[in-house]
Amino acid sequence: MNYFNFVLTLCLICIIIYNTNMNKEEKMIWKFDFESETPIYIQIRNQVVLSVSKGELKPGDKLPTVRALSDESGINMMTVSKAYQLLKNEGYVVTERRSGTVVSSKIPKSHVSDETAKKLSLILAEMKVSGMSKAEILDICEKLIEEK
């Protein structure tokens, strides 16, 4: 087994991606699981949404270029492009001629998809079956919402 295969078997590869925003010296850390059933482009999308939610990315912040993210992570450029296009279609990012891809200042309120509602329903059912009270479940939800 070569080193590359060994790393893949760990299932979680941390990739440090430098934020291309010139006003910041921060590093963004996005984690991709190459063994997951979740497609990589969805994992990229989810990482951006989580970063916006936690305040790690703010409106106007630049995302790494498609090429930079591809080079740093080893992810195909078409996959990164597909993720950025999805984020653009959902209104999380905009593409500006001079700035590249940046976090949108006008992220639209969206409804919860049927798929997301089903997943959440299953998670709540598992929590209830395991004996958690409504108060305990709500406490966990509040902590996750306030998490930064």
Side-chain angles (χ1 to χ4, degrees), residues 4 7-128 130 132 134-148:
F4 183 73
V7 171
L8 283 178
T9 59
L10 295 176
C11 290
L12 190 60
I13 297 178
C14 292
I15 301 164
I16 298 175
I17 302 166
Y18 291 93
N19 188 336
T20 56
N21 188 335
M22 300 304 276
N23 297 327
K24 290 189 172 185
E25 293 298 325
E26 296 177 18
K27 295 177 184 177
M28 289 186 292
I29 299 176
W30 289 344
K31 299 174 183 177
F32 304 111
D33 181 352
F34 293 93
E35 298 294 320
S36 172
E37 291 182 17
T38 304
I40 296 296
Y41 79 97
I42 295 293
Q43 291 184 45
I44 294 169
R45 178 248 182 229
N46 292 347
Q47 291 292 321
V48 171
V49 172
L50 287 169
S51 293
V52 171
S53 169
K54 292 179 180 180
E56 296 166 359
L57 285 173
K58 295 175 179 42
D61 283 353
K62 293 181 184 180
L63 267 56
T65 64
V66 170
R67 183 177 303 248
L69 181 52
S70 177
D71 289 347
E72 287 290 323
S73 65
I75 296 171
N76 185 291
M77 283 179 51
M78 294 301 291
T79 301
V80 176
S81 181
K82 185 175 182 179
Y84 279 21
Q85 188 61 46
L86 177 60
L87 287 161
K88 184 177 175 182
N89 291 343
E90 293 176 338
Y92 291 107
V93 300
V94 293
T95 303
E96 298 177 351
R97 274 193 142 168
R98 296 181 182 170
S99 303
T101 303
V102 298
V103 176
S104 176
S105 60
K106 299 177 183 176
I107 298 174
K109 274 192 169 181
S110 62
H111 68 284
V112 175
S113 70
D114 289 340
E115 183 181 343
T116 300
K118 287 177 185 177
K119 289 177 184 177
L120 182 56
S121 179
L122 177 60
I123 292 167
L124 291 171
E126 290 170 350
M127 294 170 93
K128 287 168 60 176
S130 72
M132 292 182 75
K134 180 179 179 179
E136 290 171 317
I137 294 170
L138 290 174
D139 185 50
I140 290 171
C141 291
E142 284 179 9
K143 286 178 183 175
L144 290 172
I145 289 171
E146 294 171 5
E147 187 178 271
K148 284 220 173 201

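Worth saying up front: this structure is predicted, and the values here are computed from it rather than measured.
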For a quick test of reading the model, state the closest non-hydrogen atom pair linking [X] to [Y] and the distance between them.
{"X": "V102", "Y": "K62", "result": "CG1-CG, 3.8 Å"}
{"X": "K58", "Y": "V103", "result": "O-CB, 3.4 Å"}
{"X": "V93", "Y": "Y84", "result": "CG2-O, 4.0 Å"}
{"X": "P59", "Y": "S105", "result": "CB-CA, 3.7 Å"}

Say you draw a straight line from [atom1] of [X] to [atom2] of [Y]; how long is it, rounded to the nearest 0.5 Å?
{"X": "E72", "Y": "R67", "atom1": "CD", "atom2": "CZ", "result": "13.5 Å"}
{"X": "T79", "Y": "Y41", "atom1": "OG1", "atom2": "OH", "result": "10.0 Å"}
{"X": "T38", "Y": "R45", "atom1": "OG1", "atom2": "CZ", "result": "11.5 Å"}
{"X": "M77", "Y": "D71", "atom1": "CE", "atom2": "CG", "result": "7.5 Å"}
{"X": "L87", "Y": "I44", "atom1": "CG", "atom2": "CD1", "result": "9.0 Å"}

Q.
Working note: I75 + F34, criterion side chain to side chain contact (heavy atoms under 4.5 Å, CB included); need CA distance, chi angles, decisive distance, verdict.
A. CA-CA 10 Å; I75 296 171; F34 293 93; 3.9 Å; yes
**Q.** Donor-acceptor contact below 3.5 Å, side chain S51 vs main chain Q47
**A.**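 Confirmed, S51 side chain pairs with Q47 backbone.
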Q. Between S70 (side chain) and V66 (backbone), is there a donor-acceptor pair under 3.5 Å?
A.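 Absent.
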Q. Given K143 and D139, is the salt bridge (charged side-chain N to carboxylate O under 4.0 Å, His left out) satisfied, shown in steps?
A. CA-CA 6 Å; K143 286 178 183 175; D139 185 50; 3.4 Å; yes
